[in-house]
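Written out below as structure tokens is the structure these notes cover.
Reckoned from all heavy atoms, side chains included, excluding hydrogens, waters and symmetry mates. Chain identifiers are assigned alphabetically (A, B, ...) following the order of the sequence lines, protein sequences preceding nucleic acid strands; residue numbering begins at 1 within each chain.
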Amino acid sequence: MTRRLQRGFFLKPTLDVSKALIGKFLIHEYKGQKLGGMIVETEAYIGKKDKAAHSYRGRRTPRTEVEYGAGGHVYIYMVYGMHYQLNFVTAGKEEPECVLIRALEPVAGIETMKKLRKTRDLNNLTNGPGKLCQALHLDKTLYGADLCARDSKLYIEDRGVKVGSREIKKGPRIGIDYAGPYWARVHWRFWLDRSWSRVYTFTKVESL
DNA sequence: TGTCCGATATCCT
DNA sequence: GGATATCGGACAT
């Protein structure tokens, strides 16, 4: 049984949504072909109080605007001038919270994704937030897109994969040292322990 | 208008 | 493990 996630899925506490997304399938229909895979790593950004979030203390700019709207919309932006980062808006209106998608296990359209990524290495295809955007051809044009719209080219599927809570590991988020020791340490990153993504994860943790 | 620097990836040694 | 590519948002001037 496969079904697309509907609005209600995203209108919940952001940490819950971050964990619930593990094991779901992110699909982008690009040039008539499905590209995507199973979500295996996420991070929560809980606006207002979270110093690591773009919407810290309610910062509201053209970039963060979509975070103040309804859950289930896409917040995507560029970092370091060359990588995109895919996020989903969560929680209620006026609460600027979101989930960053950090890694997938590639499942659909693998050959096309290899071309987009210019690599033959399956283990290097979607194991990072910038990499998965390149593999699925996600860019600024998707800013504000509605994952729950009937005609959306980007959506999340529940394909019936069961993930036990014990299989979900958690740890500090990546690359946010600027947020100070407290926010850099909260365990708001989640990953599927059975996935190869743990290799990526553990490497990064060692370097913290 | 100008400056700073980031929720990274890659290539090199 | 270290350098560096390369854009544009945020905020100060």
Side-chain angles (χ1 to χ4, degrees), chain A residues 10 14-15 17-19 21-22 26 37 39-69 71 73-91 95-104 106 113-144 169-191 196-208:
Chain A
F10 300 95
T14 300
L15 292 176
V17 178
S18 302
K19 285 179 268 195
L21 280 168
I22 306 281
L26 171 65
I39 297 169
V40 293
E41 185 176 359
T42 62
E43 276 179 6
Y45 286 85
I46 305 191
K48 296 183 178 173
K49 67 176 180 181
D50 180 2
K51 204 171 175 186
H54 293 154
S55 50
Y56 177 52
R57 287 161 97 172
R59 190 186 327 169
R60 191 161 181 163
T61 67
R63 184 173 61 151
T64 61
E65 185 59 31
V66 71
E67 290 200 72
Y68 290 83
H73 289 259
V74 173
Y75 175 35
I76 189 166
Y77 60 87
M78 175 167 275
V79 281
Y80 301 116
M82 54 183 76
H83 307 296
Y84 286 105
Q85 307 273 290
L86 177 68
N87 300 253
F88 304 144
V89 178
T90 55
E95 292 303 322
E97 305 183 10
C98 64
V99 179
L100 169 67
I101 306 303
R102 289 195 58 86
L104 310 174
M113 294 198 291
K114 283 178 173 173
K115 287 186 187 124
L116 287 167
R117 289 270 303 124
K118 302 189 202 309
T119 177
R120 303 297 302 167
D121 183 0
L122 199 60
N123 292 335
N124 193 30
L125 212 49
T126 52
N127 61 331
K131 296 177 187 181
L132 71 89
C133 285
Q134 188 181 18
L136 273 65
H137 203 273
L138 307 176
D139 58 33
K140 273 197 88 154
T141 61
L142 287 159
Y143 181 89
K169 303 301 176 189
K170 60 185 176 182
R173 294 173 292 176
I174 302 297
I176 51 167
D177 292 347
Y178 64 88
Y182 180 79
W183 293 109
R185 283 178 200 155
V186 292
H187 287 189
W188 286 356
R189 181 165 52 96
F190 305 94
W191 66 93
W196 46 251
S197 71
R198 67 184 292 207
V199 175
Y200 172 75
T201 291
F202 286 176
T203 306
K204 291 288 190 176
V205 167
E206 292 300 323
S207 67
L208 282 178

Original post:
Roughly, in whole Å, what's the span from CG in A/L100 to P in B/dG6?
Top reply: 16 Å
**OP:** Measure the distance from OH on A/Y56 to P on B/dA7 and round it to the nearest whole Å.
**Re:** 15 Å
Subject >> Distance, rounded to the nearest Å, where A/H83 contributes NE2 and C/dT6 contributes C1' >> reply: 9 Å
**OP:** Among the candidates B/dA9, B/dA7, B/dT10, find the nucleotide nearest to the side-chain atoms of A/P129.
**Re:** B/dA9
**OP:** For DNA chain B, write out the stems as range with range, using runs of 3 or more consecutive Watson-Crick or G-U pairs with both distances under 3.5 Å.
**Re:** B:1-6 with C:7-12, B:8-12 with C:1-5
Subject >> Rounded distance in Å - OH (A/Y77) to P (B/dT8) >> reply: 7 Å
Subject >> Donor-acceptor pair, side chain of A/Y178 and main chain of A/A52, under 3.5 angstrom >> reply: yes
Original post:
CD1 of A/I101 versus C1' of B/dA7: gap in Å, rounded?
Top reply: 12 Å
Original post:
Hey, are the side chains of A/L104 and A/L136 touching, using non-hydrogen atoms and a 4.5 Å cut-off?
Top reply: yes
**OP:** For the pair A/W188 and A/W183, name the ring-plane relationship: parallel under 30°, tilted 30 to 60°, perpendicular over 60°.
**Re:** tilted
Subject >> A/Q85 CD - B/dG6 P separation (whole Å) >> reply: 13 Å
Subject >> Separation of B/dT10 C1' from A/Q134 CD (nearest whole Å) >> reply: 11 Å
**OP:** Select base, sugar-phosphate, or nothing to describe what A/R60 touches, counting heavy atoms under 4.0 Å on all strands.
**Re:** nothing
Subject >> A/Y77 (side chain) donor-acceptor with A/T64 (main chain) under 3.5 angstrom >> reply: no
Original post:
Is any side-chain heavy atom of A/L125 less than 4.5 Å from a side-chain heavy atom of A/K131?
Top reply: no
Original post:
To the nearest angstrom, how far is A/K51 atom NZ from B/dA7 atom P?
Top reply: 13 Å
Subject >> Name of the residue among A/R57, A/E95, A/E97 meeting side chain to side chain contact (heavy atoms under 4.5 Å, CB included) with A/K48 >> reply: A/E95
**OP:** Spell out, as yes or no, whether a donor-acceptor pair under 3.5 Å connects the side chain of A/Y143 to the backbone of A/V66.
**Re:** yes
**OP:** Looking only at side-chain atoms of A/Y45, point me to the closest of B/dT8, B/dT10, B/dA7.
**Re:** B/dA7
Pick out the pairs of N or O atoms, protein on one side and nucleotides 7-10 of chain C on the other, that lie under 3.5 Å.
residue: C/dC7; atom: O4'; partner: A/G81; partner atom: O; Å: 3.2
residue: C/dC7; atom: O2; partner: A/G81; partner atom: N; Å: 3.3
residue: C/dG9; atom: OP1; partner: A/K140; partner atom: NZ; Å: 3.0
residue: C/dG9; atom: O3'; partner: A/R63; partner atom: NE; Å: 3.0
residue: C/dA10; atom: OP1; partner: A/T61; partner atom: OG1; Å: 2.6
residue: C/dA10; atom: OP1; partner: A/R63; partner atom: NE; Å: 3.2
residue: C/dA10; atom: OP2; partner: A/T61; partner atom: OG1; Å: 3.0

**OP:** Please round to the nearest 0.5 Å and tell me the distance separating atom OG1 of A/T14 and atom CZ of A/F88.
**Re:** 13.0 Å
Subject >> Side-chain donor or acceptor of A/N87 paired with backbone N/O of A/Y75 under 3.5 Å >> reply: yes
